[in-house]
Structure formats: structure tokens, C-alpha cells
Amino acid sequence: MPSAQGALPRFSSHIWLTLGLFVVMVMTFVVYVRAEKQVDRANELRQQSFQLAEELRQSSDDLTRMVRTYVVTGNPLYKAHYQEILDIRDGRRARPANYENIYWDLVLADDHRPRSRGEAVPLLSLMRRAGVSDEEFAKLQEAKTKSDALTRTEIAAITLIEADTPDLAARRERAIAMLYDAAYHRAKAGIMTPIGEFEKMLDQRTLEDVQAAQDQAIQVRSAFGLMLILLVALVHSVHRRQKKILGGSALEVYTAIAELGRSPSRGPLPRPAGAEGSVLDRLADTQERLCQLDQERSDSVREQFRLNRALRLLGDCNLALFSAQSEAQLLSDVCRLIVETGGYQMVWVGLREQDEGRSVRPVAQFGEHADEYLSNIRVSWDEALPIGRGPTGTAVRTGTTQLIQHFQTNPRMAPWHDQGSRAGFRSSIGLPLNVSRSTIGALTLYAADRDMFNPQEVVLLEELARNLSFGIETLRTRDQREAAEAASRAKSMFLANMSHELRTPMNAILGLTSLALRDAATPRLRDRLAKISQASRHLLQVINDILDLSKIEADRLVLEHMPFTVRDVMDSLLALIDRQAKDKGLQLHIDMAPALGELRCQGDPLRIGQILLNLASNAVKFTEQGSVTIGVHCIEQTTEHARLRFSVTDTGIGIAPEDHERLFKAFEQADGSMTRKYGGTGLGLAISRRLAHLMGGLLGVDSRTGEGSTFWLVLPLDTLAEGSTAVPVPNHDAEAQIRAGYAGARVMLVEDEPVTQEVAREMLEEAGLCIDLAADGEQAVALAGATAYALILMDMQMPRLNGLDATRAIRRLPGHGSTPIIAMTANAFDEDRQRCLEAGMNDHLAKPVEPAALYAAVLRWLSAPKP
């Protein structure tokens with residue numbers, strides 16, 4: 001291997017040397033080609049120079065021949081040829097094609113000859129282009145000059161012939177003599193002498209140039225041949241080194257690669273002797289590595305399959321979490337999925353017990369041998385016991401995952417070796433189940449192979465255990481919530497029953513007291529009855545506060561959304577608080593702009609009035625002297641919304657700043673002495689703040705001890721356009737209006753409680769109404785079938801037929817489809833009111849019914865427009 005490794009750099013250097021030599025050889029070949037072209041160029045210039053010298057001599061001869069022929073024959077065609085030859089030589093006319101041939105001897109009598117081609121170039125310029133030397137060009141120029149001088153003689157002969165005289169023959173003789181005399185011949189010889197010298201000089205120079213080019217070409221050719229020999233030697237050396245590096249021929253390497261490509265495991269590749277580190281040797285190593293990688297890939301595929309299976313298991317178990325209806329069903333479904341989807345041999349869920357042996361109790365299991373195995377073993381989470389050191393008990397005790405990869409050889413599994421061997425267990429894992437930050441048990445899995453649980457699979461199984469723990473906690477929380485809801489429903493039912501049972505006697509007490517006040521003859525008796533009425537109203541207010549707080553805490557309080565004006569709320573408040581303030585000698589002031597009083601809003605005016613009444617009543621209660629001021633101001637207003645600030649300011653005892661928040665907690669006051677001195681349950685402000693929050697507002701206090709208090713309420717309200725109908729102001733003289741306008745109207749009172757019958761009947765008869773009494777729903781339906789009533793007052797809970805069913809039956813009677821029916825019942829919850837309206841009633845009065853409220857409701861429906 002080291003020899004082959006050392007040969008590789010040398011092989012690379014030989015390759016680069018061969019490539020470099022090849023490049024140099026290519027460049028040498030290019031130089032050689034250029035040298036050969038230079039030889040051809042030298043020969044070409046030599047030939048061209050001789051050709052041009054010959055043209056000069058030939059043109060001189062042609063001029064002589066043309067002029068002599070013209071002189072002898074007088075044929076103008078020869079004169080034209082003469083002039084054309086001169087023009088071509090002097091560059092005034094382009095040179096015709098094939099001009100170097102004996103051109104003029106071939107010209108026919110009709111002057112048909114090849115046409116000119118190319119540009120018109122003087123003969124001397126062509127000679128200069130041919131690359132003649134200055135000395136050679138001087139000879140040519142001399143010959144040209146002598147030829148031009150001879151042409152003057154020739155032109156003179158032509159002029160003599162063309163003279164306009166009658167002695168033509170004599171002139172022709174003289175002209176012929178001029179062209180044939182000794183001077184003419186000497187002039188001709190003078191032309192030929194420099195041409196001959198030029199040709200001699202040209203011949204010597206061009207022969208030298210050609211020889212020099214040929215010598216250079218021979219040198220380059222020799223260098224090229226030498227480099228070719230070196231290249232062949234280098235290629236041979238490269239081939240030998242390549243074979244050494246490859247470990248064989250290229251065919252053998254190709255065959256080995258093909259075998260390796262078809263299947264790495266088909267058989268071992270041959271390793272050539274003495275070629276360690278060669279390509280064939282490396283291919284054999286690669287084959288071994290590929291076989292190893294193939295085995296690793298197979299193992300990885302199996303691991304990935306198990307991992308994907310675990311992922312599918314995790315997804316299926318998550319679906320089971322969402323669909324489970326009980327903890328037992330969830331545990332059973334998860335155990336089944338772990339075996340069926342996850343492919344594990346057996347699984348069980350155990351919950352820890354707080355018994356003497358700290359046992360782990362199986363609650364769910366699935367898989368082969370599950371029942372047999374679990375019935376024959378005991379598991380504890382006590383570390384002091386051998387059966388408490390297994391994966392299940394340790395997971396429960398420590399809250400951590402416990403992995404056993406070799407079930408049969410691990411000493412921790414000794415208590416279960418026999419049972420596990422019969423079941424075929426080879427590995428196991430215990431996963432803690434943590435609920436509410438406490439380990440309640442463990443999920444234990446068994447597999448038939450050793451080393452079954454790889455780290456990625458363990459992570460997924462831990463996620464499954466966490467999800468299962470979450471599912472258990474969710475189901476237990478749901479069960480607890482359902483139990484709490486059941487308790488809440490029972491509480492609500494109890495409150496409803498208590499409300500009915502308390503309001504029924506309160507209705508009798510308040511009603512009889514009100515009737516007794518009408519008939520009281522002495523001041524002492526009226527005073528006592530008034531105190532009874534005041535105590536009863538206080539007790540009623542406590543009952544209402546407790547019920548309101550219960551409805552708010554149970555999210556059962558429903559707010560109204562009806563139109564009203566701010567003045568309506570303030571007038572109602574003044575009517576309720578004015579007498580109380582005057583009885584204590586307090587001044588009651590209203591701070592409100594007149595325009596604000598006419599502002600039309602949308603909301604719950606009764607609950608707003610309830611809050612303000614509580615604040616104003618407290619102000620009067622805790623103020624011994626001075627005044628109480630009720631203010632209303634607009635913080636901001638748009639066309640659709642307004643934010644109003646209501647305030648109640650007194651000059652009373654004041655409240656320490658540290659006690660401000662305590663005021664708004666249920667059943668609390670600023671201190672215990674207030675309860676002893678002023679009384680009260682501490683519910684009013686708590687209910688008021690919660691009502692304010694339900695309406696999207698804020699309720700707070702600004703006060704110091706001894707400086708009085710200002711309780712403020714900020715409410716966002718929807719506003720209505722001008723002309724919108726608001727709730728009418730409660731009429732406190734409704735009894736007189738009924739007596740004046742509806743005396744004698746027939747009203748049916750449906751009531752089963754005798755005292756309530758007596759109270760309601762006397763109140764209505766005092767207003768001048770005629771009363772028919774029905775003791776239950778069946779009597780009410782019978783009376784309605786026989787009589788047309790202006791109004792029906794209907795109780796809800798009655799024997800034989802309740803008020804809801806009786807109302808439905810009356811609505812089906814002819815003539816009673818629109819008869820006003822008012823519920824007058826101790827069922828005071830909002831859902832009770834809604835049930836009455838759904839049954840067909842028009843209104844709802846909660847017992848105990850204040851006489852003013854009863855008269856106002858009766859007046860409202862007696863005066864309502866008939867459909």
C-alpha cells in the first residue's frame with residue numbers, strides 16, 4: 001500500500017508533465033505550420049515580384065508593338081490598346097483578369113476580351129506591396145521612368161500620323177523611322193537593363209528569404225519530432241504507472257466496478273499481489289465497507305420501522321385520549337394500541353397503593369400471557385423489598401423511566417425471571433405516570449427481543465406516558481367538575497326552594513302589614529306596624545342580596561337591555577331614598593345637568609337603580625348630620641355611546657384608605673363595630689361591584705376617616721336617538737288611577753296559599769277591582785272558559801295544574817289569546833321569569849309583592865292597547 005500511495009504523486013507529476021509536453025508540442029506544431037506558411041509566402045512574393053517585373057517589360061514591349069502597328073496600319077483600335085496599356089500601368093484603369101498572360105495577342109478584331117476586375121493600382125505601387133527592397137524598387141522605378149520617356153517618342157509618332165496635312169505617307173515614313181531608329185532601340189535597351197538588374201537582385205534576395213524560411217521550418221520540424229518521441233515515452237511511463245496504481249488493467253478495474261455496482265455482497269473482489277493501496281485494492285476495501293454499510297442500513301431501516309411504529313402508536317394513543325369517556329376505557333384502549341399498533345409483546349398499567357406492602361395494583365393490561373403473568377407476580381414500589389426494585393416499582397418510586405434491555409440476565413429482574421422466561425420476555429421498560437405533580441403509577445412494556453428500546457423510541461414512549469398522564473388528569477378533572485356542577489345544581493335547586501319558601505311567608509307578612517296600616521286607628525299601632533314593615537323589608541332585602549350573590553357566582557344573572565332615560569333612574573331613586581333622608585334630618589341634593597337627565601340610554605335601569613340605591617342607602621345610614629349629594633356627569637359621549645359617572649357623596653363618618661377594598665368583599669364591612677352599630681350583612685357593595693363589572697363598568701370609593709365618602713360608579717351605555725321610546729317612570733299613584741279608570745274591572749286571582757289569597761284579594765278590591773278567586777290551575781281554566789277577564793294574576797306552583805300549564809290552556813280558549821296574564825310567584829329567578837314568558841304570560845312579579853309594584857303592573861296592563 002505505501003508503494004502505491006507513493007506512486008500516485010509521481011503518476012500525477014508524470015500526467016502533468018505529459019500534458020505540459022503535449023501543450024508545448026501543439027505550440028511547436030503551430031510554429032512549424034507558420035514556418036511552412038512563411039516558406040510559401042516567400043516563394044509567393046518571389047513569384048509575384050518576378051511577375052510584376054515581367055509585366056513592366058511586357059507592357060513596354062506591348063506599347064511598342066501597339067504604337068508601331070497603329071503607325072503602320074492607322075487602325076484606331078491599336079491606339080486604344082496603347083492608351084489602355086498606359087492607363088493600366090499608371091493605375092488609371094483596373095487591371096483585367098489574367099493580365100499576366102499574353103493578353104493583347106489574344107484580343108480579337110472586334111475588341112472582345114475579359115473585363116477588368118478589382119481596384120485600379122499603379123504598377124509601381126503593386127511592386128512596393130510585393131515587398132521589394134529600396135534598391136530593387138529604385139531599379140524598377142528607373143525602368144519605369146525610361147519607359148515613360150520612351151512613350152513620349154511613341155506619342156510623338158502617333159501625333160505625327162494624326163496631323164491634319166495631306167502628306168500622310170511622308171508622315172507615316174517619318175513616324176516609322178522614329179519607332180525603328182537606333183535611338184529608339186537604345187531607349188528600349190535602356191528599359192530592359194534596370195529590369196534585368198532588378199530581377200538579379202530580386203532573385204538573390206528572395207532565394208535567401210526562402211532558404212531562411214526553409215531552415216527555420218526544418219528546425220521546428222526537428223523539435224516537433226523530438227517532442228513527439230518524448231511524449232510517446234512519457235505516455236508509456238504514465239501507462240505503466242497507471243497500471244501500478246490501478247492494480248491491473250483498465251478492463252479489470254471496470255469489471256471490478258461493474259461487479260461492485262451490481263451487488264457489493266456478491267463475492268469478494270480479487271486483491272492483486274504486490275499492489276497494496278491500488279485502485280483494485282481500494283475497491284476491495286470499498287466492497288467490505290459497503291457490505292458493512294449495507295448491514296448498518298438494514299439495521300437503521302429496522303430501527304426506523306420501529307420508530308415509525310412508535311410514532312403511529314403515539315398518534316393513535318392521542319386519538320384515544322380525545323375519545324375516551326372514562327379512565328378505565330382510556331387505559332384499556334392505550335394498552336390495546338401499544339400491543340396492536342406498537343408491536344410490543346405485553347403491556348400493563350399499575351397504580352400505586354398506600355397499603356402496608358406499598359404494592360402496585362394492575363388496573364389495565366393487554367397482550368399474550370398478560371393475565372397469566374400478572375396473576376402470578378407481585379410488584380411493589382418499596383425499595384427495601386426485592387419486588388420493589390424492578391422497572392415498574394422504581395419508576396413509581398422515583399418518577400423516572402426505567403429501562404431493562406436484558407430481562408433474563410439483569411439481577412433486578414430476579415423475582416420475575418421464571419414467569420418472564422415462560423412468557424418470552426427479553427426486555428422491558430417502566431414509564432412513570434405523573435398526575436398533578438405526583439407519580440400515581442407506571443406504564444410497563446415488554447418485548448420479545450433484547451436491546452429492543454433505542455433512545456429515540458424511549459423518547460417517544462416517554463411522550464406517550466406524559467400524554468396518558470395528561471388524559472388521566474383531564475378525565476379526573478372532568479369527573480371532579482361534573483361532581484361540582486352537580487353540587488352547584490343541587491345548591492341552585494336548594495336556593496330556589498328556599499327562595500320560594502321564604503318569599504311566600506314574607507309576602508303574607510308584608511301584605512298583611514300593609515293592609516293593617518290602612519286600618520290602624522291609633523298612632524301607637526301604626527308605629528308598631530311600620531316597624532314590623534321596616535323589619536320585614538330589611539329581611540327581604542337580605543334574602544334578595546343572598547339570592548343575587550348566588551346568581552352572580554353561578555353566572556345565572558341575566559341583565560336587561562331596554563331603553564330608559566337618566567331622569568327615570570334618578571326619579572325612582574329619589575322616591576325610594578327621600579323619606580329615609582328626611583327621617584334623619586339630612587339634606588338630599590341632586591347634581592345633574594337638565595340635558596343629561598333627558599339622555600336616552602339602552603341598558604338595565606333596574607340594576608343601575610339597585611346599585612345607586614345601595615350607595616345612597618349606605619350614605620344615609622352612615623351620615624348622622626349634613627347632606628347626601630347624588631351626582632351624574634358625562635365623561636364622554638358619541639352618537640352611539642356614552643360614559644356616565646354616578647356619584648354619591650356624604651358628610652358621614654368616612655372610611656380609612658386601608659379598608660376601601662374590604663368594603664367590596666362579601667360578608668365584610670370596614671370593621672366589626674360597624675356591624676354592631678349600623679347592622680347589615682356586608683353584601684350590598686359586593687353585589688353592586690359585581691353588577692357594575694357585568695355591565696362593563698367600575699365601582700369605587702374615595703374617602704378618609706371623619707371626612708365623609710364619595711362612592712362612584714362609571715358605566716358605559718349605548719345611547720338612543722331622539723324620539724326613541726324609554727321605559728315609563730314608575731307611577732306611585734297607580735292605585736288611585738286604577739280606582740278612577742278601571743273600577744269594576746273583573747280580575748282573576750289564581751293562588752293556592754290562603755294568606756296570599758287574602759292579602760292580594762284585599763289589595764285589589766281596595767283599588768276597586770272585582771276579584772274571582774281560583775285555588776289551582778284547573779279552576780283557573782274553568783273560570784276563564786266561562787268569563788272574559790280584563791286581567792289574570794297567576795301563581796306558578798299549584799296543585800293539580802301548575803301556572804305554566806294553566807296559562808297555555810287559557811291561551812287556547814276563545815277570547816283569551818291576548819288577555820294580560822301576570823305571574824305573581826315566589827319563583828324569583830330570571831329563568832323562572834323566562835319560563836313564564838315562554839308559556840304565554842305577559843309579565844312577572846316576584847313575591848313578596850309590594851303594593852305599589854302590584855298596582856303599577858296592574859295599571860300598566862289594564863291600560864295597554866288591545867290588539
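Since the model is a prediction, treat every value here as computed from it, not as a measurement. For reference, positions follow the sequence shown, starting with 1.
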Search all heavy atoms of [X] against all heavy atoms of [Y] and return the closest pair with its distance.
X: Leu374; Y: Pro362; answer: CD1-CB, 4.3 Å
X: His406; Y: Arg450; answer: CD2-CD, 3.6 Å
X: Arg426; Y: Ala448; answer: CG-O, 3.0 Å
X: Ala692; Y: Leu699; answer: CB-CB, 4.1 Å
X: Gly357; Y: Ser380; answer: O-OG, 2.8 Å
X: Phe407; Y: Ser427; answer: CB-N, 3.8 Å

How about [X] and [Y]: do any of their side-chain heavy atoms sit closer than 4.5 Å?
X: Val379; Y: Trp416; answer: yes
X: Ile611; Y: Phe711; answer: no
X: Phe366; Y: Ile338; answer: no
X: Asp604; Y: Leu691; answer: no
X: Ile608; Y: Met695; answer: yes
X: Asn802; Y: Gln797; answer: no
X: Ser438; Y: Arg352; answer: yes
X: Leu475; Y: Gln329; answer: no

Once you round to the nearest 0.5 Å, how far does [atom1] of [X] lie from [atom2] of [Y]?
X: Asn376; Y: Asp418; atom1: CG; atom2: CG; value: 11.0 Å
X: Leu351; Y: Ile472; atom1: CG; atom2: CD1; value: 7.0 Å
X: Asn434; Y: Glu473; atom1: CG; atom2: CD; value: 10.0 Å
X: Asn614; Y: Ile687; atom1: CG; atom2: CD1; value: 8.0 Å

Examine the side chains of Gln402 and Thr394 and answer whether a donor and an acceptor come within less than 3.5 Å of each other.
-> no
Do other residues, nucleotides or ligands put more than 12 heavy atoms under 6.0 Å from Glu383 CD?
-> no
Does atom CD of Glu356 have more than 12 heavy-atom neighbours from other groups under 6.0 Å away?
-> no
Please check this pair: side chain of [X] against backbone of [Y], looking for a donor-acceptor N/O pair closer than 3.5 Å.
X: Gln345; Y: Ala423; answer: yes
X: His417; Y: Asn410; answer: yes
X: Arg478; Y: Gln325; answer: yes
X: Gln405; Y: Phe453; answer: yes
X: Arg378; Y: Ile387; answer: no

Trace of the side-chain contact (heavy atoms from CB on, under 4.5 Å) decision for Glu327 with Arg476 | CA-CA 8 Å; Glu327 183 176 333; Arg476 291 185 177 183; 3.0 Å; yes
Working for side chain to side chain donor-acceptor pair (under 3.5 Å), residues Asp718 and His641 | CA-CA 5 Å; Asp718 296 334; His641 305 284; 3.1 Å; yes
Does the distance from a Lys or Arg side-chain N to an Asp or Glu carboxylate O, for Glu463 and Arg466, drop under 4.0 Å?
-> yes
Stacked cation flag Arg358 on Trp381, 6.0 angstrom / 45 deg = yes
